[in-house]
Amino acid sequence: MSIEAVDTPAAEPKVTYALVAVSNRLPVDFVVAEDGTESWKTSPGGLVTALEPLMRSSDGAWVGWPGVADREFAPFENDGINIVPVSLTDADLEDYYEGFSNDTLWPLYHDVISPPSFHREWWEAYVRVNRRFAEAAAEAAASGATVWVHDYQLQLVPRMLRDMRPDLVIGFFNHIPFPPYGIYAQLPWRKQILDGLLGADLIGFQRLADAGNFSRAVRRLFGYSTRGVAIDVPGAGGHHRRVIAKHFPISIDAVAYADLAKQPEIQARARRIREDLGNPKTIILGVDRLDYTKGIGHRLKAFGELLEDGSISVEDVTLVQVASPSRERVGAYMALRDEIELAVGRINGDYSTISHTAISYHHHGYPREEMVALYLAADVMLVTALRDGMNLVAKEYVAVRGDNDGVLVLSEFAGAADELKQAVLINPHDIDGMKAAILRAIAMPRPERQRRMRALRRKVFDNDVAAWSSSFLRTLTEGAAVQPGVPDDLVHALRDFSSADSLLVALDFDGTVAPIVDNPQDSRAVAGTREAVERLIGMDGVRVALVSGRSLASLRQVAEPQIEVLLTGSHGIEVQLDTPDEELGLNQDELAQLDTLTRVLERVSASVTGAWIERKPAGLALHTRKATAQASQAVQRDARAQLGAVLPDLTVREGKNVLEFAVRSSSKGDALERLRLYTGADRVFYAGDDVTDEDAFTALRPGDLGLKIGAGTSLAGYRVRGPEEVPLVLQLIADLREAAGKTGTPSER
Ligand code: GDG
């Protein structure tokens, strides 16, 4: 591919995009040939292979470095992708890219296979360059855009971007492993990196284990509470921002590879490769960037020993090793190249014959078509990584094998091994084990080869790269974040709603009026809510109510509501209208049940750290938000089972980290009905964040308005990001009511 180089000083990108991908490397490299000709060439590597299909099919922009130092380029379009180049100086490259990224983070994150170097000036360059990428992304992103940041070179970008542009929805995907805490903890800047990543709404990893390592590091270094995939990051004023850290195993465009493999020229090329190699019975293939993580040396050792043992001969078996040039200015890579080429030279010198070469070694990049021909020609594919985020080569080999033949030998230490279980799995450190696996692969009977390959192909085709990116983006945009501010559709709906003669404005408290905090007694309404409520209760025809799962006593304590505000507590069991509280008046039977309930729950909760019970007039709530995810699930299960046995008729209600049991059945829907009847309101507004608020949304009627606070599925027609938006919405109701001429002092209540 080549397009005209635009070699002008960087101009401001005039256009902004709803989707912006940010990665160190662009999908194209700027290349200057020896004769001075300049062109753009596709840049190799797993990240580009994975992201290209998404970026081509969406009207987004790709922000990244064009592969050449000290040159500035204006944004341009290339092969259907909008490119926004970020320029790096030679010094940036040395310290940020070759230094901190490839000689500190890369070896550290790959189990310190090579010792990582820690240099403060490299770290400073990393911060500086990350800021430059964040600025470029901030400039390219439209209001409320989704920005997807990639990989270990840019881990500070999410936080920087969030600070610059709080309106953005930010995702991060880590293509390489995230190391266990014992290794990660070596990093002198371990807290800064975690903080950088936590600026994202969603952080994606290749393996379940990587996401677990990350969450553990966050717990150990910051003490934030994590629950399953969710991490609650404390912000200003006791607010929590929820970040999701989850695994999304990356994949390839399987159909595109399968289609290439069907092309007659590529199939002919595969046959030609076999002939050119002297028609060996078995072709073994290795394709890797020349990197110490890929275990090329271990593979050569095993292969050399098999020749030495006489288990195989060069007439029967040839190893083709493609080692694409990589990071050639980093010392460890120079040393690796020498080491590998020495080993190849020795083995070839010892075992090759005039007609048969033991190892056909190639230190270049090939066009994709040639790679596919090699995959087709290979009877055995060797992937022997000592540690690898995923390893796309393994998936590509499987995708091209439409003949359901060929054997994949795959390292347990590649992320791909989590999915591709029907491969011949090996521990590359165990040379004897690897040798046995190679012999087994060579001798594997056809039916077994086919059975395994069919199963592998199902995996690769079911989770292809489109499924990977759409599942990441869906989680990012639907689950993790909602735009801040009051959306236009809500403003529009409120205009009509607010002009009704009489309104009931009913609000849940925790998570709606007040952000969720660790200690329920510390919960307070966000600034501005009280004033907004004050204004509404001063208007003619408006009643305001709080509808909470808390007991009335606890609600009064944290909400300190104005006297005019109607209250319902314990999911509608308790009510405070304009007259004094109603007596609950539990009957004998209910009192006896309450007694049993209390005894059982006290016993169950006492056994688990971080679980506690809250007493309510007609029931008890078991809170588990301070327990680990595992303990929380276990204690909830236990409580359900034990109570189910003795009190089968209890009402059980599940909320966010809370399980409630009541001896009298009631819901927030019942509470809202009661309030509607009492106030005689023409229209009802209800705002809530939790599953228990869905009962209230169900009770809404045509002309009413439901507002869901935060992410998650809901029956509410409208949604805002968090409690910060609630006072804005309440003020808007008041403004619109005034504008509609519905002002005045409250009429008689
Ligand atoms: C990182 C992670 C993760 C290689 N040589 C040539 C060539 N390639 C292509 C392969 C494949 C890609 O490059 C390599 O991807 P891998 O996944 O095997 O490895 P990394 O480059 O280390 O990638 C890795 C990946 O990111 C994605 O998240 O899987 O774990 O380390 O697509 O085919 N392509 C062409 N010529 C070559 O000579 N055309």
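Every number for a ligand or one of its atoms is a count from 1 in the order of the listing.
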Test ring pair (Phe, Tyr, Trp, His ring centres under 6.0 Å) applied to Y109 and Y152, step by step: CA-CA 9 Å; Y109 281 32; Y152 63 103; 7.2 Å; no

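- Distances from ligand 1 to the non-hydrogen atoms of N391 include at least one value under 4.0 Å.
- Those atoms of ligand 1 that come under 4.0 Å of a heavy atom in G389, given as number and element, are 30 (O).
- Between the choices R387, K294, R368, Q206, the shortest heavy-atom distance to atom 3 (C) of ligand 1 belongs to Q206.
- Inclusion of M371 in the set of residues having an N or O under 3.5 Å from an N or O of ligand 1 is not warranted.
- Here the shortest heavy-atom distance to atom 30 (O) of ligand 1, taken over D388, I250, L290, V322, belongs to D388.
- The distance criterion of under 3.5 Å between nitrogen or oxygen atoms is not met by W106 with respect to ligand 1.
- Both cation-pi conditions hold for K246 and F248: the charged atom is under 6.0 angstrom from the six-membered ring centre and inside a 45 degree cone around its axis.
- Put simply, no part of Y109 is less than 4.0 Å from ligand 1, judged by heavy atoms.
- Using a 4.0 Å cut-off to heavy atoms of S324, the atoms of ligand 1 that qualify are 4 (C), 5 (N), 6 (C), 38 (O).
- The closest side-chain heavy-atom distance from I193 to Y126 is below 4.5 Å.
- Within a 6.0 Å radius of CZ in R132, more than 12 heavy atoms belonging to other residues, nucleotides or ligands are found.
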Throw together a table of side-chain donor-acceptor distances under 3.5 angstrom for residues 373-380, partners on residues two or more places apart or in other chains.
unit_1, atom_1, unit_2, atom_2, d
Y375, OH, E396, OE1, 2.6
D379, OD1, R274, NH2, 3.0
D379, OD2, R274, NH2, 2.7
D379, OD2, I283, N, 2.7

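- For R327 (side chain) and Y333 (main-chain N/O), no donor-acceptor pair under 3.5 Å exists by modelled atom type.
- Using 4.0 Å as the threshold, E370 has no heavy atom nearer than that to any atom of ligand 1.
- Comparing heavy-atom distances from atom 20 (P) of ligand 1 across R289, H364, H363, E396 singles out R289 as nearest.
- A search for side chain to side chain contact (heavy atoms under 4.5 Å, CB included) contacts involving D462 returns nothing, not counting sequence neighbours.
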